[in-house]
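A quick write-up on the structure given underneath.
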Amino acid sequence: MALLIGMLLAFAVGVFGTVSGLDRDRAFYTTVAIVVASYYALFAVIGATTDVIVIESLLGGLFLVVATIGFRSSLWLVAIALAAHGVFDLAHGLIVANPGVPVWWPAWCLGYDVAAGAYLSWLIGSGRVRAVA
C-alpha cells in the first residue's frame, strides 16, 4: 500500500507542478530530488547515532550533487537521480542501519521516487519541459 500511495502522491505533485506552472522553472524537480534524498538524514536525526547521521548526510549529498549538476546541464540527470534514489530505497536497509526510518518508508519512497522520475522523463520526452539549460 505504501508503494501505491507514494506513486499516487508523486503523480499528484507532478500534475500540480505542471498545471500550476511551478515546473516551468528548472529548479522544481531538482528541489524535489534534493528534498527526497534528505529524508534519511532527517530520520537519522530523529532516531539514530551521530555516525548514522553523517553516513545518511553523505549519501544524500551524492544525490544533491547529481541533481545540481542536472539542474545546470540536463534535467535527464535529475530524472535519473530521482529514479536511482528509488532503487536505492530497495537496498538502503542493507547499507545503513537507521532505526529512525519508519517501516513503511522505503516502499513509499521507492514508489514516489520512481514515479516522479518517470513523470519528469515523460515531460522531457514529450517536449513539455526542456532538458537542457
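All heavy atoms count here, side chains included; hydrogens, waters and symmetry mates do not.
- The hydrophobic clustering, which links ILVMFWY residues whose side-chain heavy atoms are closer than 4.5 Å, places Val13 and Phe16 together.
- With values rounded to the nearest 0.5 angstrom, Tyr39 atom OH is found 13.0 Å from Asp89 atom CG.
- The structure places CG of Leu123 at 6.0 Å from CG of Asp23, a figure rounded to the nearest 0.5 Å.
- Shown here are the side-chain contact (heavy atoms from CB on, under 4.5 Å) partners of Ala84, two or more places apart in sequence or in another chain: Phe63.
- Linking Ile, Leu, Val, Met, Phe, Trp and Tyr whenever their side-chain heavy atoms come within less than 4.5 Å puts Leu120 and Val15 in one cluster.
- In this structure, Ser74 contributes its side chain and Gly70 its backbone to no donor-acceptor pair below 3.5 Å.
- Applying the side-chain contact (heavy atoms from CB on, under 4.5 Å) criterion to Leu8, with sequence neighbours excluded, gives Leu4.
- Of the possible polar contacts, none joining the Arg130 side chain to the Arg26 backbone as a donor-acceptor pair under 3.5 Å is found.
- With contacts defined as side-chain heavy-atom distances shorter than 4.5 Å, the pair Ile46/Val101 does not qualify.
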Please lay out, stage by stage, how Trp122 and Val129 fare under the test side-chain contact (heavy atoms from CB on, under 4.5 Å).
CA-CA 9 Å; Trp122 175 76; Val129 171; over 6 Å; no
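- Ile124 CD1 to Tyr29 OH: the interatomic distance, rounded to the nearest 0.5 Å, is 9.5 Å.
- Closest heavy-atom contact between Val36 and Ala33: CG2-O, 3.4 Å.
- For the atom pair Phe43 CZ and Ser38 OG, the distance stands at 9.0 Å (nearest 0.5 Å).
- No side-chain heavy atom of Tyr112 sits under 4.5 Å from any side-chain heavy atom of Leu3.
- Residue Gly86 comes nearest to Leu110 through the heavy atom pair O-CD1, 3.0 Å, listed as atom of the first residue, atom of the second, then distance.
- Contact between Ala116 and Ala10 at its shortest, heavy atoms only, is N-CB, 3.8 Å.
- Taking each heavy atom of Ala67 and Val78 in turn, the nearest pair found is O-CG2, 3.6 Å.
- Residues forming a side-chain contact (heavy atoms from CB on, under 4.5 Å) with Ala118 (at least two apart in sequence, or on another chain): none.
- Contact check for Pro106 versus Leu90: no side-chain heavy atoms found under the 4.5 Å cut-off.
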side-chain contact (heavy atoms from CB on, under 4.5 Å) between Val66 and Phe71, intermediate numbers included:
CA-CA 9 Å; Val66 173; Phe71 170 74; over 6 Å; no
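- Asn98 places a side-chain N or O within donor-acceptor distance of the main-chain N or O of Tyr40, the cut-off being under 3.5 Å.
- When all heavy atoms are compared, the tightest approach of Val52 to Ala44 is CG1-CB, 3.9 Å.
- Using bins of under 30°, 30° to 60° and over 60° for the plane-to-plane angle, the ring pair Trp104/Trp108 lands in the perpendicular bin.
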Could you check Arg24 against Arg128 for side-chain contact (heavy atoms from CB on, under 4.5 Å), going step by step and ending with a plain yes or no?
CA-CA 9 Å; Arg24 282 183 275 170; Arg128 287 172 166 74; over 6 Å; no
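- For the residue pair Val114 and Ala83, the shortest heavy atom distance occurs at CG2-O, 4.1 Å.
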Leu82 and Tyr119: side-chain contact (heavy atoms from CB on, under 4.5 Å), yes or no, with the steps?
CA-CA 10 Å; Leu82 281 164; Tyr119 186 78; over 6 Å; no
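- With rounding to the nearest 0.5 angstrom, the OG1 atom of Thr30 is 11.5 Å from the CD1 atom of Ile69.
- For the atom pair His85 NE2 and Ile80 CD1, the distance stands at 15.5 Å (nearest 0.5 Å).
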